[in-house]
Number of protein chains: 4
Amino acid sequence: MNHPSQLAAPIPISRRRDRRSDLVDAAIKLFAERTYAATPVPLVAAEAGVGTGTLYRYFPSKEALGNAAFQRAKGRFLEGVAAIGGEYADPRELFSAWWGALFRFAAEHPDEFAFLEHQQHAGYLDAESHALAAQVDEAAAAVLRDAQANGEVRDGDPTLLVALVFGAFIGIDRQARAGLLALDDHTRAATEPIVWALLRKDHA
Amino acid sequence: MNHPSQLAAPIPISRRRDRRSDLVDAAIKLFAERTYAATPVPLVAAEAGVGTGTLYRYFPSKEALGNAAFQRAKGRFLEGVAAIGGEYADPRELFSAWWGALFRFAAEHPDEFAFLEHQQHAGYLDAESHALAAQVDEAAAAVLRDAQANGEVRDGDPTLLVALVFGAFIGIDRQARAGLLALDDHTRAATEPIVWALLRKDHA
Amino acid sequence: MNHPSQLAAPIPISRRRDRRSDLVDAAIKLFAERTYAATPVPLVAAEAGVGTGTLYRYFPSKEALGNAAFQRAKGRFLEGVAAIGGEYADPRELFSAWWGALFRFAAEHPDEFAFLEHQQHAGYLDAESHALAAQVDEAAAAVLRDAQANGEVRDGDPTLLVALVFGAFIGIDRQARAGLLALDDHTRAATEPIVWALLRKDHA
Amino acid sequence: MNHPSQLAAPIPISRRRDRRSDLVDAAIKLFAERTYAATPVPLVAAEAGVGTGTLYRYFPSKEALGNAAFQRAKGRFLEGVAAIGGEYADPRELFSAWWGALFRFAAEHPDEFAFLEHQQHAGYLDAESHALAAQVDEAAAAVLRDAQANGEVRDGDPTLLVALVFGAFIGIDRQARAGLLALDDHTRAATEPIVWALLRKDHA
DNA sequence: GATGAATGAGGGTTCATTCAT
DNA sequence: AATGAATGAACCCTCATTCAT
């Protein structure tokens, strides 16, 4: 008998990682640059280095591709940022880690971040995408709830506080995208205490 | 006997306000809901209650319409929010007025606000639109600079502080758009001190 | 008492000749420059100095305007060129007069001539236009038939001979339109004997 | 048993000649019949037996298609007619060959000829098209210059003489298109000496 | 499985024609 | 009677999707 793997197929062995993954990355990049609606599907395929028809072997439609892109970006954000939590005892340290993770994510995955920022309520997002978005929101809220329980963080709706903090970061990101500042350690260090003032309980 | 002025003309009275203005409003509404790229021109015309061809009597192209919409929204924002300033001696009061204006604007002009939030770096914006956007940014920065000079507001790049505050409001607006809160007096009152903590000089 | 002309009506009194005539002239000019199909009706109205709606008070459709233009141009050609005839006893002189008339017409009415040259078999021409075209052809053929009867002109289908001579002039006109020569007396004098060679009976 | 070659592939064999070529031919035919401006692009595609979108895979715009059509027609004319020359020692024979080629071209390529006749100064023609047109004119003028040098042909601007001869043929072609005569050997033989009279040096 | 040529519905825009003023 | 704003059919062109190779 022979190894099935040798006979059954010419074994490209995951050519360049993964076709599907390449396509999603290409989509995120182009959707971030040009908007979902203004990006032709063939351009995504070309960016990923495959033929147009090939893309449709991995995604049944442009909408499906858009959702895959959204879910990939949101998923990475969840892993990289929103899920930070448990391991920190001190709320101040926790926030520091969270804020740092936000900077790191936006700096290392600028396309993912820009894409997420703009497709907030895009018409093509399906239930799964919305669910994932809700999961991200909840994860962040949970972290904050813990910090509130710990006592050092301001009272109030944790969802609202997360929205304020995350919104403030969006403001920073837009400044960065406009070239007015860099998403580096300096900016992170300068902004961290400012935004922390927003979270920490007012002193008597 | 009758007034000649009443007889002579069948009283046109600015046919339902103004065609051009209606078209811009329709564009802002639809662009906010569906994105500029994903909104067909005929849909804008229909929303304004006119035929497709009529739109092109007022705007030479979809791009021109997009810029008019952007400039109308930004202009209203400038009038309603960014221009607030001089009349307030106390920085705390000034912020209170500014934050209140932001709430009022987002509540009364939700489409304008949503549109502006999304068209941040749209490819179709022309020099005039960019100039107006810069003017708005500068007006807000100027207000903040005054407050800093006055002493009660945190030091640092006023542009960055404005970005943080405005970003925080974007966070609130998104919560509101998701139905998680209302842009009412209660929310305004609850968030104002939180965001003020972001601006005011740290004690001690 | 007052002059009726002052009271009864503003009396434009055939303002600038005749509206209809102005419109036809404007149409000929623009159709010659830009082609019938590529000329917007409002442009014709503007060229004639009237509103678009006014044009439709004189012509029920663009086609009707096109036919009026064709008939005006052909009619003028008939008067100015094709009808020349009877008064000349000598065929050589007759040809000279005819050739001169052709030059004069093309020089004085360049738009009419260019328009006629291009709309030869345009799809919008109606029966009346075709009939007038046929009348022009027949008038020219009749002249030539006379000359043949007189003896000095080559035998053969007069229609064909007319086509050759008129075609030769089209060649000249195109050169002129390209700026390679002028439709002046010099060119007329230089070409007349050449084209006459085409008509005159070969010497034994 | 069957040939594997018949089974393996469904015999592609250059799908009906060439798509691009078919499209140009369809364009020439329709532009000749209906004018460039009055011919919708989808009609050209349908005439070529392809979908509208397909046409745009071969030509970036209607203008590009128009230029390709013009260049194809002019190019064929150059090959078939204007380039005739060198191999004839006797000017009379040369003219005979040239005139015959003209008849053959107009008879075999009636659409090309009609199209060229009408697009003389069309606004959509690009530099390349104009250059080709100039090349054709020059080729014809060169032939005539040779014949003049040889002595048997009338003196004068060769460009003008070519224009006269070619114009005369246009006259014939219009008669033919109107159904008044045929572009056959009989007409050719009948007209050749007439037009030759236009070219040959007058006898003492 | 991969490709990209082919397609036609749909998007931006123009324009012949109408009609309220 | 004159106007020009209004209209929608039709035009040029793009692009999501399919399918023969």
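Residue numbers begin at 1 in each chain, while the letters A, B, ... track the order of the sequences.
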- Side-chain N,O (R19(B)) to OP1/OP2 (dA6(F)) below 4.0 Å: yes
- Query: Picking from dG12(E), dG8(E), dT7(E), which would you name as closest to the side chain of Y56(B)?
  - Reply: dG12(E)
- Note on the structure: In this structure, CD of E128(B) is separated from CD of Q71(B) (nearest 0.5 Å) by 4.5 Å
- What is the distance from CG of L23(D) to P of dC13(F), rounded to the nearest Å? 14 Å
- Between D18(A) (CG) and dA2(E) (C1'), how many Å, whole number? 15 Å
- For DNA chain E, produce a single dot-bracket line, 5' to 3'. Pairs: Watson-Crick or G-U wobble, both distances under 3.5 Å. Symbols: ( ) within strand, [ ] crossing, | other strand, . unpaired. .||||||||||||||||||||
- Item | salt bridge (charged side-chain N to carboxylate O under 4.0 Å, His left out) partners for K29(C), two or more places apart | E47(C)
- Message: Please enumerate all residues that pass side chain to side chain contact (heavy atoms under 4.5 Å, CB included) together with A32(B), with sequence neighbours excluded.
- Response: D111(B), A114(B), F115(B)
- Residues within residues 59-67 of chain C bordering DNA chain E, heavy-atom distance below 4.0 Å: S61(C), K62(C)
- Would you say a side-chain N or O of T54(B) is under 4.0 Å from OP1 or OP2 of dT7(F)? yes
- Message: Using the side chain to side chain contact (heavy atoms under 4.5 Å, CB included) criterion, which residues pair with P110(A)? Sequence neighbours excluded.
- Response: none
- Message: Which residues in residues 28-43 of chain B have a heavy atom closer than 4.0 Å to any atom of DNA chain F?
- Response: none
- Message: Quick one, V44(A) and L55(A) - any side-chain contact, counting heavy atoms below 4.5 Å?
- Response: yes
Run the side-chain donor-acceptor check on residues 61-69 of chain D: report pairs under 3.5 Å with partners two or more places apart or on a different chain.
| from | atom 1 | to | atom 2 | distance (Å) |
| --- | --- | --- | --- | --- |
| S61(D) | OG | E63(D) | N | 3.4 |
| S61(D) | OG | A64(D) | N | 3.1 |
| K62(D) | NZ | Y36(D) | O | 3.0 |
| K62(D) | NZ | T39(D) | O | 2.9 |
| N67(D) | OD1 | D126(D) | N | 2.7 |
| N67(D) | OD1 | S129(D) | OG | 2.6 |
| N67(D) | ND2 | E63(D) | O | 2.9 |
| N67(D) | ND2 | Y124(D) | O | 2.9 |

- To the nearest 0.5 angstrom, please state how far the CZ atom of R34(B) sits from the NE2 atom of H118(B). 14.0 Å
- Nearest-nucleotide check on DNA chain E, T52(B) vs L55(D); residue mapping nearer the 5' end is L55(D)
- Nearest heavy-atom pair of T52(B) and A45(B): which atoms, and what distance? CA-CB, 3.8 Å
- From I28(B) CD1 over to Q119(B) CD, what is the distance, rounded to the nearest 0.5 angstrom? 10.5 Å
- Distance in Å, R72(A) CZ paired with L116(A) CG, rounded so as to fall on 0.5 Å steps: 12.0 Å
- Query: Which pairs, with at least one residue in residues 48-72 of chain A and sequence neighbours excluded, count as a ring pair (Phe, Tyr, Trp, His ring centres under 6.0 Å)?
  - Reply: none
